[in-house]
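Each remark here refers to the structure printed beneath this line.
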Amino acid sequence: ICITGSNGKTTTTSLIYHILKNADYNVGLAGNIGRSLALQIAEGCTYDYYVIELSSFQLDGMYDFKADIAILMNITPDHLDRYDFNMQNYINSKFRITRNMNEEDCFVFCADDPVTVTELEKIVLKAQMLPFSQEKEVGNGACIKDDKMCVTYNKEEYVMYLRELALEGKHNVYNSMAAAITAK
């Protein structure tokens, strides 16, 4: 399970790890937080799932690796100096998280992020698309209805009142929606 985005990566990664760990899954944490994925594998760690935070810097070197679940939180003009001050270069880097994905994989993304939505209109992804939104209802994915977060996957729905979320603020509602649909 790989998470990237300009903002919200660490919080979302931590939430997903926490949910899976508390559900008694055999899960490891790696990437920008946790220990190096390569080191964990070299040391013989055997987790059934890894939750990995990936920066654009790490994604730039991704060629053969494939996420089973890829999460893109958002894309804002950060680190452009590394990308020749060209926003499209940065967008391309973030979208490398979808590289090598197939029909069995899931791509979780913010349907309220205009940069992500515009880029999705230009490319073809084989993965299942699972949007999350605070602005509109979605089919499979997560959205806000009244004062509840509604998560739907394969016709199964989970509902949680926003006041029950551990973290407050609009940005943390996005993080929670991404974590919830991923966990589902």
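To the nearest 0.5 Å, atoms CG (L37) and CD (E53) are separated by 13.0 Å. Rounding to the nearest 0.5 Å gives a distance of 3.5 Å between OG of S14 and CD1 of I33. Note that the NZ atom of K9 and the CG atom of L54 stand 9.5 Å from one another [nearest 0.5 Å]. Atom CG of L162 is separated from atom OG of S176 by 9.0 Å, given to the nearest 0.5 angstrom. One finds the CG atom of L72 at 10.0 Å from the CD atom of E119 (value rounded to the nearest 0.5 Å).
Side chain of T98 to main chain of F95: a donor-acceptor pair is present (N/O by atom type, distance under 3.5 Å, no hydrogens or angles). N140 contributes a side-chain N or O that, together with a main-chain N or O of N154, makes up a donor-acceptor pair within less than 3.5 Å. A distance-only check finds no donor-acceptor pair linking the side chain of D105 to the backbone of Q128 [under 3.5 Å]. With hydrogens and angles ignored, the 3.5 Å screen pairs no side-chain donor or acceptor of K184 with any backbone N or O of A180. In this structure a side-chain-to-backbone donor-acceptor pair under 3.5 Å is missing from E43 to Q40. In terms of modelled atom types and a separation under 3.5 Å, the side chain of Q134 and the main chain of K170 share a donor-acceptor contact. Between the side chain of D146 and the backbone N or O of K148, no donor-acceptor pair lies under 3.5 Å. The main-chain N or O of D64 is never found under 3.5 Å from a side-chain atom of R99 such that the two would form a donor-acceptor pair. Looking at R35, its side chain never comes within 3.5 Å of a backbone N or O of A30 through a donor-acceptor pair. When atom types are taken as modelled, the side chain of S133 and the backbone of K136 share a donor-acceptor pair closer than 3.5 angstrom.
The shortest distance between side-chain heavy atoms of C150 and I144 does not fall below 4.5 Å. Taking 4.5 Å as the limit, some side-chain heavy atom of P77 sits within range of a side-chain heavy atom of L80. Using a 4.5 Å heavy-atom threshold, the side chains of V159 and K145 count as separate. By the 4.5 Å heavy-atom criterion applied to side chains, L120 and L125 are counted as neighbours. Counting heavy atoms from C-beta outward, Y17 and I3 have side chains that stay 4.5 Å or more apart. Residues V151 and M177 are not in side-chain contact: their nearest non-hydrogen atoms beyond the backbone lie 4.5 Å or more apart. Contact check for E156 versus T152: no side-chain heavy atoms found under the 4.5 Å cut-off. Counting heavy atoms from C-beta on, the side chains of D68 and C106 never come closer than 4.5 Å.
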Checklist entry - Can you list the steps and then say if F65 with N100 is a side chain to side chain contact (heavy atoms under 4.5 Å, CB included)? => result CA-CA 7 Å; F65 182 82; N100 303 318; 5.7 Å; no

Checklist entry - Step by step, would you call T116 with K94 a side chain to side chain contact (heavy atoms under 4.5 Å, CB included)? => result CA-CA 10 Å; T116 300; K94 287 296 185 187; over 6 Å; no

Item to check | Derivation of the side chain to side chain contact (heavy atoms under 4.5 Å, CB included) call for T182 and T12 | outcome: CA-CA 10 Å; T182 301; T12 304; over 6 Å; no

Checklist entry - side chain to side chain contact (heavy atoms under 4.5 Å, CB included) between D48 and V27: does it pass, once the steps are laid out? => result CA-CA 6 Å; D48 296 326; V27 59; over 6 Å; no

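One hydrophobic cluster holds both I16 and L165 under the rule that ILVMFWY side chains link at heavy-atom gaps under 4.5 Å. Connection of Y49 to M101 is not established within any shared hydrophobic cluster, with ILVMFWY side chains joined at heavy-atom distances below 4.5 Å, either directly or through further cluster members. By the rule that hydrophobic residues join a cluster once side-chain heavy atoms approach within less than 4.5 Å of another member, F132 and M160 end up as members of one cluster. Under the 4.5 Å side-chain heavy-atom criterion for Ile, Leu, Val, Met, Phe, Trp and Tyr, Y153 and Y25 are members of the same hydrophobic cluster. Cluster annotation: I97 is connected to I52 through the hydrophobic network of ILVMFWY side chains, with a link wherever side-chain heavy atoms come within less than 4.5 Å.
Residues I1 and L20 come closest through the heavy atom pair CD1-CD1, 3.7 Å. Taking all atoms of both residues into account, the shortest heavy-atom contact from Y83 to S93 is OH-OG, 3.2 Å. N74 and N7 make their closest contact through OD1-N, 2.9 Å (heavy atoms, listed as atom of the first residue, atom of the second, distance). Minimum heavy-atom separation, Y90 to S6: OH-OG, 3.0 Å. What you find for S56 and T4 is that their closest heavy atoms are N-OG1, 4.5 Å. Here the closest heavy-atom approach between residue V108 and residue I181 is recorded as CG1-CG2, 3.5 Å.
One finds a salt bridge joining D60 and R82 here, because a Lys/Arg side-chain nitrogen approaches an Asp/Glu carboxylate oxygen to under 4.0 Å.
In F57, the CZ atom is crowded: over 12 heavy atoms of neighbouring residues, nucleotides or ligands sit closer than 6.0 Å. Shown here is E157, whose CD atom has more than 12 heavy atoms of other residues, nucleotides or ligands within 6.0 Å. The environment of K155 atom NZ is sparse: at most 12 non-hydrogen atoms of other residues, nucleotides or ligands sit within 6.0 angstrom. The number of heavy atoms from other shown groups lying within 6.0 Å of NZ (K126) does not exceed 12.
A donor-acceptor pair shorter than 3.5 Å can be found between the side chains of N22 and H18.
Taking the ring centroids of F107 and F109, they lie under the 6.0 Å cut-off.
Tested against Q88 for a side chain to side chain donor-acceptor pair (under 3.5 Å), the candidates N92, N86, D84 yield a single pass: N92.
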